[in-house]
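Atoms within a ligand are numbered from 1 in the order they appear, just like the ligands themselves. For the single chain, residues carry numbers from 1 onward in sequence order.
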Amino acid sequence: MEQRIFHAIVRNPGPDAAEGLTTQTGAVPRLKQLQQQHAAYCQALAALDVELIHLEPAPGYPDAYFVEDTAVVTPEVAVITRPGALERRGEEQAVAQMLQNFRTIEAIRSPGTLDGGDVMIVDRHVFIGRSGRTNQHGADQLTRILTRYDYHCTHVPVLDSLHLKSSVNSLGDQQLLLIATWADRPEFKDYDKILVDPSEAHACNTLWLNGYLIMPEGYPQTRARLETTGKPLLTLATSQIHRMDGGLTCLSIRF
Ligand code: CIR
């Protein structure tokens with residue numbers, strides 16, 4: 001069943017937003033265009049009846065606009081993360097302060113590390129990526145917390161991408177969008193699947209929100225496959241965000 005999203009925390013990209021962590025070796029992101037793409041994203045969410053909560057940029061934290069990594073929010077609880085990249089540790093503080101207005105707060109503690117990009121919630125089932133950012137302690141702590149709220153957690157080794165949600169996302173109705181190389185992974189055997197060709201890997205990071213699918217522009221093969229869902233489809237430019245290893249889910253915390 002779809003969870004209606006009422007709020008989204010977003011954080012405007014600051015003047016240093018193009019200087020964050022990235023594994024992309026191509027061109028350096030253009031700051032102005034990156035900020036425009038972020039603004040268009042915010043507008044798209046607002047048009048889907050989501051109330052935006054804007055946090056100020058965090059000086060010294062160029063990746064802070066990828067807010068998704070700093071908290072995992074369910075209808076019952078907000079779990080503040082301990083980001084896996086040392087450079088990003090501290091971004092979570094302003095997010096925690098804001099979320100305490102909405103939810104009971106829990107937190108991932110040392111030696112645990114966890115990025116929200118490694119957490120995919122599908123109804124009462126939570127998939128937790130064990131990645132370069134999320135360690136076993138972090139995954140175990142989140143499992144313990146969410147089990148108390150009646151969620152069932154599955155750990156998923158992520159060896160070939162930054163985060164779990166770089167490679168798989170929920171489309172609702174028991175359907176997942178996932179990278180074709182993961183098609184036979186046992187963790188996802190109970191779901192219907194739409195596969196993304198590795199040549200369009202970035203399109204895996206499609207956001208299902210209030211009945212709509214929001215996908216990155218420029219991925220025609222994946223777009224054609226997503227059209228078969230019958231769900232209304234929006235596309236957004238993400239070229240500069242992608243240069244920083246980010247995608248559409250990373251830019252907000254939705255609840
Ligand atoms: C980082 O490397 O942490 C950022 N440049 C990108 C984070 C993307 N976040 C996400 O996929 N949830």
ask   = Would you say R225's side chain and L195's backbone share a donor-acceptor pair under 3.5 angstrom?
value =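 The answer is yes, because a donor-acceptor pair under 3.5 Å joins these two groups.
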
message = Tell me whether N169 contacts the main-chain N or O of L207 through its side chain, where contact means a donor paired with an acceptor under 3.5 Å.
response =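 Flag not set: sc N169 to bb L207 has no pair under 3.5 Å.
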
Min N/O separation [X] to ligand 1 under 3.5 Å:
| X | answer |
| --- | --- |
| R133 | yes |
| R88 | yes |
| T249 | no |
| M244 | yes |

inquiry  = Around atom OH of Y212, are there more than 12 heavy atoms from other residues, nucleotides or ligands closer than 6.0 Å?
reply    =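 Not buried by this count: 12 neighbours or fewer within 6.0 Å.
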
ask   = Around D184, counting heavy atoms of other residues, nucleotides and ligands shown, do more than 12 lie under 6.0 Å from its CG?
value =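 For D184, atom CG is not crowded (no more than 12 foreign heavy atoms under 6.0 Å).
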
Among all the protein's non-hydrogen atoms, which is closest to [atom], and how far away is it?
| atom | answer |
| --- | --- |
| atom 4 (C) of ligand 1 | D63 OD1, 3.3 Å |
| atom 11 (O) of ligand 1 | C250 SG, 2.7 Å |
| atom 12 (N) of ligand 1 | D69 OD1, 2.9 Å |

ask   = Does even one non-hydrogen atom of D245 get within less than 4.0 Å of ligand 1?
value =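 So D245 counts as touching ligand 1.
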
message = Under 4.0 Å, heavy-atom basis, I'd like to know which part of L21 is in contact with ligand 1: side chain, backbone, both or neither.
response =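 The answer is both, backbone and side chain.
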
message = Using a 4.0 Å cut-off to any heavy atom of E68, which atoms of ligand 1 qualify?
response =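 Reading through ligand 1 atom by atom, the close ones are 12 (N).
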
inquiry  = Using the side-chain contact (heavy atoms from CB on, under 4.5 Å) definition, which of the options D245, I241, T249 pairs with F66?
reply    =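 Passing option: I241.
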
inquiry  = For a side-chain hydrogen bond (donor to acceptor under 3.5 Å, both in side chains) check, start with the C-alpha distance between R254 and S252, then their side-chain angles and the critical distance, and finish with the verdict.
reply    = CA-CA 6 Å; R254 303 159 297 280; S252 61; 2.7 Å; yes

query = Can a donor-acceptor pair be found between the side chains of E187 and T154 at a distance below 3.5 Å?
reply =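 The criterion, which ignores hydrogens and geometry beyond distance, is not satisfied for T154 and E187.
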
